[in-house]
Peer 1: 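I am attaching a structure below and will ask some questions about it afterwards.
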Amino acid sequence: MASMTATLLDADQTRRFGAALARAVRPGDVLALSGDLGAGKTTLTQGLAAGLGISGDVLSPTFALMSEYRGGRVPLLHVDAYRLNGASDAEQLGLDEYLDDGWALVLEWPGNIAGALLENVSVRLDHDGDRRTVSITGADRWISAVEEAFARSGD
């Protein structure tokens, strides 16, 4: 497993980081996003969706639990597990079926359903105002996608 840490100065850079991650997304991937409320998990997911070619608004699925986004290179399921409690709750949502059907899954608050899904990449966001520190752990393809995208943009 490879890892890296970066500082993102604003919401735009957070979206660009998500778009860079999209370059590595494959059908069946699970991206686990953790961080406090307001850390930028949904903002990063907005960039990820845009990077996959998904158009339209990407909003936090806090009250709906999950939102489906189609039309991109890989369909995206955005899950907010904040109100879930354990692997059995995740099983009831049928998340494995989405993965079997070739969807990528972004999972906010993964600790609430620990052990329910095998994560491909773990992303931790910490914030101080608009400034965020993002730590990512996963296979080399995730780190390379981000490093290459940010090297090209000069950030």
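For the numbers below, each heavy atom of this structure counts, side chains included, while hydrogens, waters and symmetry mates do not.
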Peer 1: Does Arg83 have more than 12 heavy atoms from other residues, nucleotides or ligands lying within 6.0 Å of its CZ?
Peer 2: yes

Peer 1: Same hydrophobic cluster for Leu84 and Tyr82, using side-chain heavy-atom links shorter than 4.5 Å among ILVMFWY?
Peer 2: no

Peer 1: Are Val123 and Leu31 packed together at the side-chain level, in the sense that at least one heavy-atom pair is separated by less than 4.5 angstrom?
Peer 2: no

Peer 1: Any chance you could lay out the side chain to side chain contact (heavy atoms under 4.5 Å, CB included) test for Ile136 and Leu21, step after step, and finish with the verdict?
Peer 2: CA-CA 10 Å; Ile136 178 172; Leu21 279 177; 3.3 Å; yes

Peer 1: If I take atom CG from residue Leu95 and atom CG from residue Leu77, how far apart are they, to the nearest 0.5 angstrom?
Peer 2: 6.5 Å

Peer 1: Look only at the side chain of Asn120 and the backbone of Val30, and say whether a donor-acceptor pair between them is shorter than 3.5 Å.
Peer 2: yes

Peer 1: Would you call Asp36 and Leu125 a side-chain contact if the rule is heavy atoms closer than 4.5 Å?
Peer 2: no

Peer 1: Going by heavy atoms in the side chains, are Val58 and Leu76 under 4.5 Å from each other?
Peer 2: no

Peer 1: Between Val74 and Asp29, is any pair of side-chain heavy atoms under 4.5 Å apart?
Peer 2: no

Peer 1: Going by heavy atoms in the side chains, are Leu117 and Leu99 under 4.5 Å from each other?
Peer 2: yes

Peer 1: Does any non-hydrogen side-chain atom of Phe17 lie less than 4.5 Å from one of Asp12?
Peer 2: no

Peer 1: Is the shortest side-chain heavy-atom distance between Lys41 and Leu44 below 4.5 Å?
Peer 2: no

Peer 1: Verify the neighbour count for atom CD of Glu91: are there more than 12 heavy atoms of other residues, nucleotides or ligands below 6.0 Å?
Peer 2: no

Peer 1: Which atoms form the tightest heavy-atom contact between Thr14 and Gly40, and what is the distance?
Peer 2: CG2-O, 3.9 Å

Peer 1: Please list every donor-acceptor pair under 3.5 Å in which a side-chain atom of residues 101-110 meets a protein atom from a residue at least two apart or in another chain.
Peer 2:
unit_1	atom_1	unit_2	atom_2	d
Glu108	OE2	Thr42	OG1	3.0
Glu108	OE2	His78	NE2	2.6

Peer 1: Roughly how far apart are Asp128 CG and Thr133 OG1, rounded to 0.5 Å?
Peer 2: 8.5 Å

Peer 1: Looking at Asp57 and Tyr69, what are the two nearest heavy atoms and their distance?
Peer 2: O-CE2, 3.4 Å

Peer 1: Excluding sequence neighbours, so at least two apart, what forms salt bridge (charged side-chain N to carboxylate O under 4.0 Å, His left out) with Asp80?
Peer 2: none

Peer 1: Has Arg141 got a side-chain atom pairing as donor or acceptor with Ala24's backbone, closer than 3.5 angstrom?
Peer 2: yes

Peer 1: Heavy atoms, side chains only, cut-off 4.5 Å: are Tyr98 and Met66 in contact?
Peer 2: yes

Peer 1: What's the separation between atom CG in Leu65 and atom CG in Leu93, rounded to the nearest 0.5 Å?
Peer 2: 6.0 Å

Peer 1: Return the minimal non-hydrogen interatomic distance between Ser3 and Thr137, and the atom names on each side.
Peer 2: CB-OG1, 3.7 Å

Peer 1: Mark yes or no for whether Arg132, through its side chain, and Gln13, through its backbone, hold a donor-acceptor pair below 3.5 Å.
Peer 2: no

Peer 1: Is there a path from Val25 to Val134 through hydrophobic residues (I, L, V, M, F, W, Y) whose side chains come within less than 4.5 Å of each other?
Peer 2: yes

Peer 1: Between Asn112 and Ala81, what is the shortest heavy-atom contact and its length?
Peer 2: ND2-O, 2.9 Å

Peer 1: Quick one: do Met4 and Leu8 end up in the same hydrophobic cluster if we chain Ile, Leu, Val, Met, Phe, Trp and Tyr together by side-chain heavy atoms under 4.5 Å apart?
Peer 2: yes

Peer 1: How close do Ala2 and Asp140 get, heavy atom to heavy atom, and via which atoms?
Peer 2: CB-OD1, 3.2 Å

Peer 1: Quick check: closest heavy atoms across Ala114 and Ala87, and the distance to 0.1 Å?
Peer 2: O-CB, 4.4 Å

